[in-house]
Engineer: 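Please see the structure below; I have some questions.
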Amino acid sequence: MRARVYKSTGSWYTVKTEEGNFCVARIKGIFKLDGITSTNPLAVGDWVKMEHEAGGEEGGWIITGIDSRNNYINRLSPANKYQHHIIASNLDQSILIATLKDPKTSQGFVDRFLVAGESYHIPSVIVFNKSDIYREKEMNLFHERKQMYASIGYKVVLMSLEQQTGMEEIENILRNKTTLLSGHSGVGKSSFINSVVPGKELKTQDVSGWSGKGIHTTTFAEMYDIPLLNARIVDTPGIREFGLVDIPKQELSHYFPEMRSRLQDCQFNNCLHINEPGCAIKKALNEGKLSLDRYVSYCMMLDSIEEKTY
Ligand code: GDP
Ligand code: ZN
């Protein structure tokens, strides 16, 4: 029997069989996967094989195998920094819910998300929520960002969950796909899930009670069905950001599409595009062909990698 993991709570997994039934299953013994050192052998989104437990009184399900993953997202294990914790797998795309007001998502945060998506080979979509409270200043900023991100290949959508605008475009993006949902606290992630997933009533936060810090509790990823769209959404409550942990300095620019296409023109093949002579990135920047904000994000990410190395 094949099934897909919808929720993991340590040793028990909620899975959905190919016939469409939800049941609970567990794994037995040691599971070794692809040589990856992971603290959790199975992740939300995994396709597994299961069997009825021999002699089990209630006929419980035992997971006996796992299909290889198309992709997965991970982060460093909170308990052991040399181990990775796989959060979700087999994702078709990821959506970042961002806002330009109450709270404002920084461009650095958006760009780190996009770099993570590039490194996991998962296409990213940026959705700006709360358009109902944007005034001229925020609308101008939205159009500026949309144009800039579209020019380097990212889809950008304007949405208001409050007024239910932009929803058709979002539904078309979600249709027939498994989508990871991301965004920092207060942007409307829970409201989004409540709006698109039938029968879901996640608690939303009162803006007045929003501390701006986010809550650091250990929570688990969970997948939700949207039957009408034949779609699935993966929520990762409590996880602010996915790791850029494995990206060496030299490789960072490969995850900026607008830099990637120019790298072969740098004089040195190990160019970090800071102050090396004959740098094609700096040249394009000076000619106004690259976004200065994106370059600033690049420099900040490069710095954060350096700190971790020493
Ligand atoms: P989460 O922390 O990302 O899960 O965000 P919530 O869904 O809890 O939303 C945070 C606050 O923003 C709540 O008070 C929501 O009612 C509010 N909110 C969500 N979407 C919108 C929107 O489109 N417009 C406005 N004005 N407020 C929104
Ligand atoms: Zn360069």
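For the numbers below, each heavy atom of this structure counts, side chains included, while hydrogens, waters and symmetry mates do not. In each ligand, atom 1 is the first atom listed, and ligand 1 is the first ligand listed.
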Engineer: Could you point out which residue of Val197, Ile233, Val127 forms a side-chain contact (heavy atoms from CB on, under 4.5 Å) with Phe192?
Structural biologist: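 Of Val197, Ile233, Val127, side-chain contact (heavy atoms from CB on, under 4.5 Å) with Phe192 is met by Ile233 alone.
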
Engineer: Quick check: does Leu161 get an N/O under 3.5 Å from an N/O on ligand 1?
Structural biologist: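 So ligand 1 has an N or O lying under 3.5 Å from an N or O of Leu161.
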
Engineer: Using a 3.5 Å distance criterion without hydrogens, assess whether the side chain of Tyr255 forms a donor-acceptor pair with backbone atoms of Gly117.
Structural biologist: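 Looks like no, no N/O pair under 3.5 Å.
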
Engineer: Rounded to 10°, how many degrees is the angle SG/Cys266-the Zn ion (ligand 2)-SG/Cys279?
Structural biologist: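 It rounds to 110°.
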
Engineer: In terms of the angle between their ring planes, are His273 and Tyr298 parallel, tilted or perpendicular, with boundaries placed at 30° and 60°?
Structural biologist: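 Because their plane-to-plane angle lies in the 30° to 60° range, the rings of His273 and Tyr298 count as tilted.
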
Engineer: Counting heavy atoms only, name the option from Pro103, Ser131, Gly183, Gly188 that's nearest to atom 5 (O) of ligand 1.
Structural biologist: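 Residue with the shortest heavy-atom distance to the ligand atom: Gly188.
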
Engineer: Closest by any non-hydrogen atom to atom 7 (O) of ligand 1: pick that one out of Ser195, Ser191, Gly166.
Structural biologist: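 Selected option, by shortest heavy-atom distance: Ser191.
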
Engineer: Which ligand 1 atoms are under 4.0 Å away from a heavy-atom of Ile133?
Structural biologist: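 Matching atoms, with element in brackets: 26 (N).
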
Engineer: With a cut-off of 4.0 Å, which atoms of ligand 1 are near a heavy atom of Ser160?
Structural biologist: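 Counting atoms of ligand 1 from 1, those under 4.0 Å from Ser160 are 23 (O).
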
Engineer: Check whether any side-chain heavy atom of Leu100 lies under 4.5 Å from a side-chain heavy atom of Arg145, and answer yes or no.
Structural biologist: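 Side-chain contact under 4.5 Å: yes.
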
Engineer: Output the list of atoms in ligand 1 that are nearer than 4.0 Å to some heavy atom of Ser185, sorted by atom number.
Structural biologist: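 Atoms satisfying the 4.0 Å criterion: 2 (O).
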
Engineer: Suppose I only count heavy atoms of Lys189 and a 4.0 Å limit; which atoms of ligand 1 are within that range?
Structural biologist: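 Checking each atom against Lys189, I get 1 (P), 3 (O), 4 (O), 5 (O), 7 (O).
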
Engineer: Given Val187, Asn194, Asn129, Asp132, which has its nearest heavy atom closest to atom 26 (N) of ligand 1?
Structural biologist: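 That would be Asp132.
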
Engineer: Is the backbone N or O of Ile274 less than 3.5 Å from a side-chain atom of Glu276, with the two atoms forming a donor-acceptor pair by type?
Structural biologist: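 Indeed, once roles are kept as given, a pair shorter than 3.5 Å links the two residues.
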
Engineer: May I ask you to check whether Ser195 and Gln164 show a side-chain donor-acceptor distance below 3.5 Å?
Structural biologist: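 Gln164 and Ser195 do have a side-chain donor-acceptor pair below 3.5 Å.
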
Engineer: Identify, by name, the N, O or S atom of His273 lying closest to the Zn ion (ligand 2).
Structural biologist: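 The Zn ion (ligand 2) is closest to the His273 atom ND1, counting only N, O or S.
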
Engineer: Yes or no on side-chain contact (heavy atoms from CB on, under 4.5 Å) for Asp225 and Lys16, after CA distance, side-chain angles and deciding distance?
Structural biologist: CA-CA 10 Å; Asp225 275 337; Lys16 187 186 179 187; 2.8 Å; yes

